[in-house]
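Since the structure comes first, as structure tokens, the remarks are kept for the end.
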Number of protein chains: 2
Amino acid sequence: MTNKNSNKDACNCNVIHEDVVNKVKAKMPKEEKLYDLADLFKVFGDSTRIKIIYSLFEEEMCVCDIATTLGMSHSAISHQLRVLKSAGLVKFRKDGKVVYYSLDDEHVKNIFDQGFSHISHK
Amino acid sequence: MTNKNSNKDACNCNVIHEDVVNKVKAKMPKEEKLYDLADLFKVFGDSTRIKIIYSLFEEEMCVCDIATTLGMSHSAISHQLRVLKSAGLVKFRKDGKVVYYSLDDEHVKNIFDQGFSHISHK
DNA sequence: TTTTCATATGAATAATTGTTCATATGTTCA
DNA sequence: TGAACATATGAACAATTATTCATATGAAAA
């Protein structure tokens with residue numbers, strides 16, 4: 001009882017199905033991938049960003065148009081666009097002082113459609 | 001300048017593309033749906049819950065097995081399972097004092113696969 | 001080159017969310 | 001029945017995330 005290191009109090013029950021635990025551990029993706037995945041979904045976990053993405057499903061928009069559409073401040077939209085950009089979800093092009101944002105990912109529509117199915121039939 | 005109500009300072013620029021704004025507004029899903037969608041993704045936005053879901057992709061597991069697999073306390077797992085349950089993502093069956101959890105949604109696998117594609121090719 | 005305007009950013013505050021610890025519930029087996 | 005155990009839950013604290021306000025940047029037009 002000397003060397004029960006690390007998660008010594010993580011599990012003190014007897015119902016461990018070792019085969020199941022081993023199988024699941026073997027199939028589990030790399031820790032890093034799991035964090036990245038959680039981070040991606042975190043980005044989707046805010047209704048302002050959801051609205052921005054839905055807007056961009058239609059066509060590219062400038063910051064001002066998005067702010068007007070959502071009835072929010074430029075600053076707030078700009079902050080959220082930065083989050084979307086650093087997640088690799090939107091790209092932009094500049095035309096003079098106006099910046100046009102558009103979607104930069106083919107998976108998002110699909111993910112949203114699936115998510116929509118889930119919340120709709122429950 | 002008397003009746004500029006509600007979001008009076010939401011947009012004071014001149015680059016509003018009215019047609020775009022109107023089109024996007026018309027296609028935007030109901031506010032309530034957007035919140036529900038954000039709430040669903042919020043659930044996916046935590047790596048512990050991601051790990052639990054990945055575990056359950058393989059087969060049903062009891063709380064103890066999950067805790068052992070992830071090296072976490074029963075309490076922590078139990079709390080997260082409650083979140084997953086109230087989002088309609090997992091179901092459970094009881095066998096004596098052991099509770100077995102399993103996935104209760106066909107969309108999750110798909111959503112995760114798409115998410116994985118996104119993080120993988122960037 | 002100064003003013004105006006679209007967008008971006010930093011820092012402070014507010015709000016939300018996760019984790020831990022202590023304790024409760026409910027089932028089994030002696 | 002009561003001791004042992006698997007799981008659940010409430011409340012306190014810690015950590016993360018969003019929002020706001022003030023100000024900065026950088027392009028265009030006067």
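In what follows, chains are A, B, ... by sequence order, proteins preceding strands, each numbered from 1. Just so it is clear, the structure is predicted and the values come from calculations on it, not from any experiment.
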Plane angle bin for [Y] and [X] - parallel if under 30°, tilted between 30 and 60°, otherwise perpendicular:
X: B:F41; Y: A:F44; value: tilted
X: B:H118; Y: A:H107; value: perpendicular
X: B:F57; Y: B:F112; value: perpendicular

Original post:
Using a cut-off of 4.0 Å between protein heavy atoms and nucleotide atoms, how would you tag nucleotides 20-30 of chain D 5' to 3' with B, S and -?
Top reply: BBB----SS--

Could you state the atom-to-atom distance from [atom1] of [X] to [atom2] of [N] in whole Å?
X: B:L84; N: C:dT17; atom1: CG; atom2: C1'; answer: 14 Å
X: B:Y101; N: D:dT7; atom1: OH; atom2: P; answer: 9 Å
X: A:H17; N: D:dA6; atom1: NE2; atom2: C1'; answer: 12 Å
X: B:K42; N: D:dT16; atom1: NZ; atom2: P; answer: 18 Å

**OP:** May I ask you to check whether over 12 heavy atoms, not counting those of B:K91, lie within 6.0 Å of atom NZ?
**Re:**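 Yes, because the 6.0 Å sphere around NZ of B:K91 holds more than 12 heavy atoms from other groups.
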
Subject >> Electrostatic pair B:D39-B:K42, nearest N-O below 4.0 angstrom >> reply: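 Looking at B:D39 and B:K42, the cut-off is met.
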
**OP:** Would you check, one step at a time, whether the test salt bridge (charged side-chain N to carboxylate O under 4.0 Å, His left out) holds for A:K109 with A:D113?
**Re:** CA-CA 6 Å; A:K109 188 83 175 72; A:D113 285 346; 3.4 Å; yes

Original post:
Among D:dT7, D:dA18, C:dG18, which is the nearest nucleotide to the side chain of A:Q80?
Top reply: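 Selected nucleotide: D:dA18.
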
**OP:** Examine C:dG18: is either OP1 or OP2 under 4.0 Å from a nitrogen or oxygen in the side chain of B:R49? Give yes or no.
**Re:**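 It does, given that an N or O in the side chain of B:R49 lies less than 4.0 Å from OP1 or OP2 of C:dG18.
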
